[in-house]
Amino acid sequence: MASEQITLFDLRSKGPNHAWSLNPWKTRLLLNYKGLDYKTEWLNYPEIKPTLEAHVPPNAEGYPYSIPTVAFPDGTWIMESRAIATAIEERHPSPPAHLSSPYQSRIEALVPAAMKALLPIFYANVPRRLLEPASLEYWYRVRGEKVGMPIDEFEAKHGGEAAYAAAEQPLRDVTAMYKENGGEGPFLQGAKVCYADFVWIAFLEFARRIGEDVYEGVLQRTGDRAVHEKLMEAAAPWLKRNDH
């Protein structure tokens with residue numbers, strides 16, 4: 001009898017191993033919210049392509065092979081968090097993730113804007129604080145090529161307060177979105193969570209996993225940290241499963 005368990009491919013961290021990366025957290029939150037049976041296969045960066053290339057075509061843009069990837073019990077493999085969310089929602093529509101929420105496209109614009117501003121902080125601290133040695137050479141080489149300079153130089157030129165200041169506007173824009181329903185919250189739609197919330201919760205958890213100092217730096221620039229703290233409290237049941 002074939003297993004009905006989903007396999008989530010996620011990125012390893014140095015011990016104790018926990019989920020940390022933004023995009024895999026989107027998928028993990030959705031799986032946890034829907035109460036689906038899944039297991040995690042943890043990969044270091046050099047293992048991603050050899051593990052996935054026989055099962056999925058390369059991404060048309062960005063990195064050819066990426067995490068998260070999910071293998072469904074029927075043998076279907078899907079890469080990229082948004083495509084995975086669509087597939088999960090089609091297969092398991094209850095409880096609903098409201099992928100058609102008008103907030104979805106808006107949050108998908110704001111999170112990359114905040115990410116771009118904070119890359120000098122993220123790119124420097126992920127290898128220092130989270131990655132296993134097996135991933136370090138890959139990280140420094142590939143991320144350095146992306147920004148056109150060594151990561152330590154990138155951090156020195158664009159990191160620190162300058163990065164947080166650059167992120168402030170998109171962070172405040174997210175806060176404004178969370179206040180549109182009269183501030184009832186804690187979710188974008190009020191009492192009902194949607195996948196757009198998971199995109200933002202994943203961003204906050206990513207910052208928190210890098211370090212409390214980074215998480216604090218983000219919260220301070222949101223314009224109203226209580227909005228996001230209440231959101232993370234509400235998301236705690238879906239964040240709990242983070243190591244298997």
Side-chain angles (χ1 to χ4, degrees), residues 3-11 18-43 48 51-52 55-115 170 174 177-178 186-209 228 231-232 234-242 244:
S3 171
E4 293 303 308
Q5 194 173 53
I6 296 167
T7 300
L8 168 64
F9 294 89
D10 203 344
L11 294 163
H18 289 86
W20 59 271
S21 185
L22 188 160
N23 288 321
W25 257 120
K26 298 175 191 175
T27 302
R28 185 176 293 271
L29 283 161
L30 185 60
L31 291 167
N32 292 345
Y33 163 66
K34 288 182 176 286
L36 298 177
D37 182 22
Y38 73 96
K39 64 179 180 178
T40 306
E41 287 200 17
W42 302 96
L43 302 176
I48 295 173
T51 301
L52 304 184
H55 303 281
V56 289
N59 291 312
E61 298 179 353
Y63 304 113
Y65 297 94
S66 59
I67 299 296
T69 293
V70 158
F72 287 100
D74 63 3
T76 302
W77 290 53
I78 298 180
M79 188 165 55
E80 197 275 317
S81 58
R82 188 62 175 81
I84 293 168
T86 298
I88 290 174
E89 190 74 351
E90 289 173 350
R91 289 167 166 80
H92 306 279
S94 182
H98 306 286
L99 292 174
S100 60
S101 162
Y103 290 110
Q104 190 64 45
S105 61
R106 295 169 66 190
I107 202 72
E108 286 177 348
L110 289 172
V111 168
M115 278 290 296
V174 173
M177 284 176 57
Y178 272 93
F187 305 115
L188 287 165
Q189 299 183 143
K192 294 182 179 180
V193 73
C194 63
Y195 184 70
D197 290 300
F198 292 149
V199 174
W200 182 242
I201 293 163
F203 176 89
L204 292 175
E205 185 64 12
F206 175 46
R208 185 159 66 180
R209 283 289 292 143
H228 307 278
L231 175 68
M232 294 300 276
W238 309 313
L239 290 164
K240 186 175 181 180
R241 179 176 174 176
N242 61 13
H244 65 291

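From a predicted model like this one, the values you see are computed outputs, not experimental measurements. Side chains are part of it too, since the values below use all heavy atoms of this structure and drop only hydrogens, waters and symmetry mates. Numbers here simply count residues along the sequence, with the first being 1.
- If you take CE on M177 and CG on L188, they are separated by 5.0 Å, rounding to the nearest 0.5 Å.
- Within the 4.5 Å cutoff, the side chain of I107 has no heavy atoms near those of the Y195 side chain.
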field: Steps toward side chain to side chain contact (heavy atoms under 4.5 Å, CB included) verdict (E80, E61)
entry: CA-CA 11 Å; E80 197 275 317; E61 298 179 353; over 6 Å; no

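- Here the shortest heavy-atom pairing between M79 and P57 reads CE-O, 3.3 Å.
- A parallel orientation is assigned to the rings of W200 and F203, their planes being inclined by less than 30° (bins at 30° and 60°).
- The main-chain N or O of P96 is found under 3.5 Å from a side-chain atom of Y33 such that the two form a donor-acceptor pair.
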task: Under the side chain to side chain contact (heavy atoms under 4.5 Å, CB included) rule, what do L239 and M232 come out as? Steps first, then yes or no, please.
output: CA-CA 9 Å; L239 290 164; M232 294 300 276; 3.9 Å; yes

message: With side chain to side chain contact (heavy atoms under 4.5 Å, CB included) as the criterion, how do F9 and W77 come out once you've worked through the C-alpha distance, each side chain's angles and the decisive distance to 0.1 Å?
response: CA-CA 10 Å; F9 294 89; W77 290 53; 3.4 Å; yes

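- In this structure, P58 and Y65 approach most closely via the heavy-atom pair CD-OH, 3.7 Å.
- The line from CD of E90 to CG of L99 is 9.0 Å long, rounded to the nearest 0.5 Å.
- For the residue pair L43 and I67, the shortest heavy atom distance occurs at CD1-CD1, 4.0 Å.
- Taking every heavy atom of both residues into account, L8 and P68 meet most closely at CD1-CB, 4.0 Å.
- Between atom CZ of residue F72 and atom CD1 of residue I88 there is a gap of 5.0 Å, rounded to the nearest 0.5 Å.
- The OG1 atom of T51 sits 7.5 Å away from the CD atom of E41 when rounded to the nearest 0.5 Å.
- You'll find the side chain of N242 stays beyond 4.5 Å of the side chain of R209, heavy atoms only.
- For the atom pair CD1 (I6) and CZ (R91), the distance works out to 8.5 Å, reported to the nearest 0.5 Å.
- Contact detail for R208 and E205: the closest heavy-atom pair is NH2-OE1, 2.7 Å.
- Summarising the geometry, atom CG belonging to L22 is positioned 9.0 Å from atom CG belonging to L204; distances are rounded to the nearest 0.5 Å.
- Shortest non-hydrogen contact noted between A234 and F187 is CB-CZ, 3.7 Å.
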task: List the steps and the verdict of side chain to side chain contact (heavy atoms under 4.5 Å, CB included) for E4 and D37.
output: CA-CA 8 Å; E4 293 303 308; D37 182 22; 5.6 Å; no

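- Side-chain contact between K34 and E89 is present, with at least one heavy-atom pair separated by less than 4.5 Å.
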Side-chain donor-acceptor contacts of residues 24-32 below 3.5 Å, not counting sequence neighbours, with atom names and distances?
unit_1: W25; atom_1: NE1; unit_2: A19; atom_2: O; d: 3.3
unit_1: K26; atom_1: NZ; unit_2: N23; atom_2: OD1; d: 2.9
unit_1: R28; atom_1: NE; unit_2: D10; atom_2: OD2; d: 3.4
unit_1: R28; atom_1: NH1; unit_2: Y38; atom_2: OH; d: 3.3
unit_1: R28; atom_1: NH1; unit_2: H244; atom_2: O; d: 2.9
unit_1: R28; atom_1: NH2; unit_2: D10; atom_2: OD2; d: 3.0
unit_1: R28; atom_1: NH2; unit_2: T40; atom_2: OG1; d: 3.2
unit_1: N32; atom_1: OD1; unit_2: Y38; atom_2: OH; d: 2.7
unit_1: N32; atom_1: ND2; unit_2: R28; atom_2: O; d: 3.3
unit_1: N32; atom_1: ND2; unit_2: W238; atom_2: O; d: 2.7

